[in-house]
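Working notes for the structure below.
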Amino acid sequence: MPGFELFGDAERNEVHDVLDNGVLMRYGFDGMRKGHWKAKALESELETFLGVKHVQLVSSGTAAVSVALAAAGVGAGDEVIMPTFTFVASFEAILMLGAIPVLVDIDDTLGLDPDAVERAISDKTKAIMVVQMCGSMADMNALKSICKTHDLHLVEDACQAIGGTYNGQQLGSIGDLGCFSFDFVKTMTCGEGGAVITNNPDYYTNADHYSDHGHDHVGSDRGAETHPFLGYNFRISELHAAVGLAQVKRLPEFLNLQKRNFDIIRDELSKIDAVEFRRVPEGGVESCAFLNFFLPDLEIAREVSSEFKAQGVDACFHYYDNNWHYVRKWEHLKDMKSLFPLSEEVRNGLNYLGSKTFPQSDSYIARNISCLIKLSWTEDEVRQRAQLMAKIINSAV
Ligand SMILES: *Cc1c(COP(=O)(O)O)cnc(C)c1O
């Protein structure tokens with residue numbers, strides 16, 4: 001996945017453009033910047049690649065999720081349904097708005113289980129946040145139809161899935177709003193950065209203003225702009241956007257490498273009866289950022305994971321025992337450990353988590369291994385790696 005593996009002249013040249021004219025900010029300074037608008041150019045490249053009308057760059061993927069929810073009007077006391085398997089950013093971004101994360105089981109796609117979503121809807125639910133974890137997707141048709149029936153916003157966190165598609169549409173572009181991260185370890189990176197994407201002009205305007213102190217971005221005199229509503233600073237810098245601009249042009253090359261490496265490992269592991277791959281919904285094509293598979297039980301998954309580490313098969317994760325991506329170890333959320341007082345509404349809203357268990361999610365995550373697919377591996381290295389992985393699995397099952 002990480003685009004930083006292949007940094008080169010393209011990234012260097014884009015960054016030099018910015019340093020040469022000295023304008024590190026994405027707005028204003030029109031004369032000084034000598035025609036260089038890196039953030040604007042990256043937004044336009046992403047609009048083309050993703051097939052959406054609007055892209056608003058922001059400072060991170062976490063900011064993108066908060067900005068997307070805010071743009072749709074989600075705020076204090078509103079419930080947002082999200083999966084038990086995701087990065088901690090999902091609940092952070094919801095809590096930051098004073099909204100309440102409602103955690104819901106995943107299924108064998110490793111994404112939101114539509115039946116569990118339906119059961120979790122209350123009169124406070126405002127949005128469903130689907131997370132396209134590890135380069136693949138939840139059952140989007142079912143989730144879309146639930147959102148339609150209950151009049152809910154569908155927000156797509158596609159931070160790990162750039163380049164994946166569903167019925168020919170890019171992941172991230174299927175919901176009302178989509179979010180991407182360009183942090184240092186994502187398929188395409190800015191160092192830090194993110195994007196909110198949408199086809200809805202009002203949501204776009206909201207995201208554009210909200211992420212820059214509420215500025216209306218009318219005219220070329222920043223000091224004369226008005227503030228139609230409150231906002232904050234989630235801007236990306238020109239330096240970060242410059243790196244992303246070089247990377248987005250290389251994205252097709254990155255995605256081809258990812259797929260080549262993914263296919264080699266998948267083909268080798270598919271010879272093993274005990275290995276079962278995650279379900280990809282009909283019409284879905286993975287981005288190949290990760291290869292995900294299930295082993296027969298928790299003990300075998302633990303053994304395989306520790307043997308992978310011992311024998312140098314790096315970048316494979318057994319999320320059941322990991323602090324970052326699965327509800328089981330989110331003690332700071334369950335215990336509501338906040339630096340500042342949370343509102344009573346949020347505290348009451350989060351209370352359920354202290355005692356709630358997720359046996360269905362456990363049954364998938366306990367048996368799941370997620371292997372990051374690197375871009376810099378040579379074909380020979382991937383083949384050797386695939387054989388070593390198969391050998392380790394075969395001796396554990
Ligand atoms: C990386 C990631 C984020 C957060 O992105 P940052 O840019 O690191 O803030 C959010 N959701 C998922 C699924 C991610 O993988």
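Whatever order the structure lists them in is the order used to number ligands and atoms, beginning at 1. The figures that follow rest on heavy atoms only: side chains count, while hydrogens, waters and symmetry mates do not.
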Using a 3.5 Å cut-off and no angle test, enumerate the donor-acceptor pairs between side-chain atoms of residues 52-62 and protein atoms at least two apart in sequence or in another chain.
residue	atom	partner	partner atom	Å
Gln56	NE2	Tyr27	OH	3.4
Ser60	OG	Thr62	N	3.3
Ser60	OG	Ala63	N	2.9

Could you pull out every protein residue that has a heavy atom closer than 4.0 Å to ligand 1, ordered by chain and then number? Ser60, Gly61, Thr62, Phe87, Ala89, Val131, Met133, Asp157, Cys159, Gln160, Ser181, Asp183, Lys186, Gly193
For Glu379 against Ile264, the heavy-atom pair lying closest together: CG-CD1, 3.6 Å
Tell me, please, which residues at least two apart from Asp107 pass salt bridge (Lys or Arg N to Asp or Glu O under 4.0 Å). Arg279
Distance-only donor-acceptor pairs under 3.5 Å for side chains of residues 282-289, two or more places apart:
residue	atom	partner	partner atom	Å
Ser287	OG	Ala289	N	3.2

Is it true that the SG atoms of Cys159 and Cys179 are less than 2.5 Å apart? no
Arg328 pairs by side-chain contact (heavy atoms from CB on, under 4.5 Å) with which of Thr84, Asp321, Thr357, Ile365? Asp321
